[in-house]
Amino acid sequence: MTEDTKTRKIAAIKGTKDILPQEARKWQKVETVAREIFERYGYREIRSPIFEATELFKKGTGETSDIVIKEMYSFKDKAGRSLTLRPEYTPSVVRAIIEHRLYLQPQPLRFYFIGPMFRYDKPQKGRYRQFHQIDIEVFDEKDPAIDAEIVEMADHLLKTLKVTGTETFVNSVGCRKCRPAYHKELRNHADKARKLLCVECQRKIDTNPLRIFDCKISGCQEVSQRFPKITDFICHECEEHFRKFCAYLDLFNIKYRLEPRLVRGIDYYTKTTFEVITPALGAQDAILGGGRYDDMMKVFGGPDMCGIGFAVGMERLVSLVPFENEETQSIYIAYLGDLAKELAMDVAKELRHEGIECLVEYRKRTLRNLMSRANKLGAKWVLIIGEDEVKTGRYQLKDMMTGEQKTVKRELILKTLKESS
RNA sequence: GUGAGCGUAGCUCAACUGGUUAGAGCAUCGGACUGUGGAUCCGAAGGUUGGGGGUUCGAGACCCCUCGCUCACCCCA
């Protein structure tokens, strides 16, 4: 080993980060709550590989999406196959459903998933190259009631996690039949107003005219307000779908805002799209977003089956969940001497097997030090086993909150703990 | 990918217009206190000032490169 390799620090690579124990607690909580809620709505977990054939995302996510054009972690394996670390989850589920003929099963096609995604973006707050999503997908439900149901479920998840101050935006982006006409119409309008738009927006006329709606320059906003709205332009079927979707949201008493400017940067969406945002996150303000994709299954050679789903950004969500310091119910065993050590190990084993968190540290310390350690670690109780205790078989059990201490026989430790907790 | 700002101990920050051996608080570990925690006092450990190069008698500070973070654009979760 050269001196160079010995001393150079290896750090987590750009756009990735470690989730340290305190933070991980919060993640666990969020994951647990999400699982419980989703299961209650009839969803089941599905897990797919972290990498797939590059082709899957080109076809699924879309050749013209930013994700595919510039954000994929693609590489060749030793056999020369082009593989990609998944940038999103939906194409993988669709692939799995077709591959395993899941649509032939009697179970409802409702899936959820929690795991890492990879996008070669420029990292910022709330945006990482390896990030995590909670994802849900429903297949074979055409009724707009399901669109409203998943928005309600998302809302329920956020409320359960005490995330407040969010706003829900909804829109319809039309379907294959009506969207091209709208794009054309919008482009025409924008082109006529070209001179009134900023340089950026002039560029958007050709690339993505929908994005002109996003411009923050007041001149552009004034102009774009007179552009046709997609909701006035969509076909009868899409319009009906959207109207019912909104009516069902009202039924669920979900507050939302129509946002004709809401365009999601993924090619496959049809009809319903929605997003939940919060001002608390800054520029990366979307906690959760999703929509309907009626054509993807067919594109992959599966049955003509519609899909709808949403993805929650874990990093963003976790950062909004209020911190709760959960009380640990742990016991710290402070022993003095070799005989006591063996007793401590034995008691610890028993308590752990009975479901009690128990810590023994194998380092010579004074009792004062042991108590101090127990205090710092936040132990609820300390069990003291010293020479006297070894002789009498009666141990000292101290409640660290009240400072009360009692003498307890070995056989009664467990009972005493359970009674006082 | 474009533009701007910032990188000093685990954390929060000092160090004058470039000038001795880069300091403090908090946290950590130990001692005062030999079988009883939280308080106080004392002490220790902790840094190639993100990394590399340059200017200079002399660089934490100035210049260039690079890496990383932050903000905005873009995009999205």
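Order of the sequence lines fixes the chain letters, A, B, ..., with proteins taken first and strands second; residue numbering starts at 1 for each chain. All values below were derived from every heavy atom in this structure, side-chain atoms included, with hydrogens, water molecules and symmetry-related copies excluded. None of the values given here were measured: they were computed from a predicted structure.
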Report task. Flag the pair A:Glu45 and A:Arg47 as a salt bridge only when some basic side-chain nitrogen lies within less than 4.0 angstrom of an acidic carboxylate oxygen. Result -> yes

Query raised in the report: Below 4.0 angstrom, N of the basic side chain to O of the carboxylate: do A:Glu167 and A:Arg257 qualify?
Result: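 Judged by the 4.0 Å cut-off on N to carboxylate O distance, A:Glu167 and A:Arg257 do form a salt bridge.
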
Find the distance [X]:[atom1] to [N]:[atom2] and express it as a whole number of Å.
X: A:Tyr332; N: B:G37; atom1: OH; atom2: P; value: 14 Å
X: A:Leu161; N: B:A77; atom1: CG; atom2: P; value: 19 Å
X: A:Phe113; N: B:A77; atom1: CZ; atom2: P; value: 14 Å
X: A:Gln124; N: B:C73; atom1: CD; atom2: C1'; value: 9 Å
X: A:Asp66; N: B:C74; atom1: CG; atom2: P; value: 11 Å
X: A:Leu336; N: B:G35; atom1: CG; atom2: P; value: 7 Å
X: A:Arg373; N: B:C29; atom1: CZ; atom2: C1'; value: 10 Å
X: A:Lys14; N: B:C67; atom1: NZ; atom2: P; value: 7 Å

I'd like a table of donor-acceptor pairs (distance under 3.5 Å, sequence neighbours excluded) in which one partner is a side-chain atom from residues 36-43 of chain A, with atom names and distances.
residue: A:Glu39; atom: OE1; partner: A:Arg44; partner atom: NH1; Å: 2.9
residue: A:Glu39; atom: OE2; partner: A:Tyr112; partner atom: OH; Å: 2.8
residue: A:Tyr41; atom: OH; partner: A:Glu152; partner atom: OE1; Å: 2.6

Could you please name the option among [options] that lies closest to any side-chain atom of [X]?
X: A:Pro123; options: B:A77, B:C29, B:C69; value: B:C69
X: A:Gln133; options: B:A77, B:G37, B:C71; value: B:A77
X: A:Asp121; options: B:U36, B:C75, B:C29; value: B:C75
X: A:Lys70; options: B:G31, B:C74, B:U2; value: B:C74
X: A:Glu389; options: B:A72, B:C74, B:G35; value: B:G35

With rounding to whole Å, what would you report as the distance between [N] and [M] at their [atom1] atoms?
N: B:G1; M: B:C62; atom1: P; answer: 27 Å
N: B:G7; M: B:C11; atom1: C1'; answer: 15 Å
N: B:G31; M: B:G47; atom1: C1'; answer: 26 Å
N: B:G38; M: B:U28; atom1: P; answer: 12 Å
N: B:A45; M: B:G54; atom1: C1'; answer: 35 Å
N: B:U8; M: B:A4; atom1: C1'; answer: 23 Å

Contacts table for residues 18-26 of chain A: side-chain donor-acceptor under 3.5 angstrom, sequence neighbours left out:
residue: A:Lys26; atom: NZ; partner: A:Val318; partner atom: O; Å: 3.2
residue: A:Lys26; atom: NZ; partner: A:Val321; partner atom: O; Å: 3.0

Report task. Please evaluate the base of B:G1 for a donor-acceptor partner in the side chain of A:Glu71 within a cut-off of under 3.5 Å? Result -> no

Query - Check: B:C75 base within 3.5 Å donor-acceptor of A:Arg127 side chain - result: yes

Query raised in the report: Which part of the nucleic acid, if any, lies within contact of A:Arg365, taking any heavy atom under 4.0 Å across all strands shown: a base, the sugar-phosphate backbone alone, or nothing?
Result: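 Counting heavy atoms under 4.0 Å across all strands, the contact made by A:Arg365 is with sugar-phosphate only.
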
Requested in this report: Please work out which of the three classes, parallel, tilted or perpendicular, describes the rings of A:Trp27 and A:His132, given edges at 30° and 60°.
Outcome: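 Rings of A:His132 and A:Trp27: perpendicular, as their planes differ by over 60°.
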
Report task. Classify the angle between the aromatic ring planes of A:Tyr335 and A:Tyr362 as parallel (below 30°), tilted (30 to 60°) or perpendicular (above 60°). Result -> tilted

Report task. Could you say whether A:Met371 or A:His132 is positioned toward the 5' end of RNA chain B, judged by the nucleotide with the nearest heavy atom to each? Result ->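 Looking at RNA chain B, the more 5' nearest nucleotide goes with A:Met371.
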
For [N], give its Watson-Crick or G-U wobble partner with both distances under 3.5 Å, or none.
N: B:U48; answer: none
N: B:C41; answer: B:G31
N: B:G68; answer: B:C6
N: B:G25; answer: B:C11
N: B:U17; answer: none
N: B:G1; answer: B:C73

Report task. Test A:Lys142 against A:Asp147 for salt bridge (charged side-chain N to carboxylate O under 4.0 Å, His left out), laying out the working first. Result -> CA-CA 9 Å; A:Lys142 287 200 188 73; A:Asp147 304 36; over 6 Å; no

Requested in this report: Classify every nucleotide of nucleotides 38-46 of chain B by which part a protein heavy atom approaches to under 4.0 Å, writing B for the base, S for the sugar-phosphate alone and - for neither, in 5'-to-3' order.
Outcome: B--------

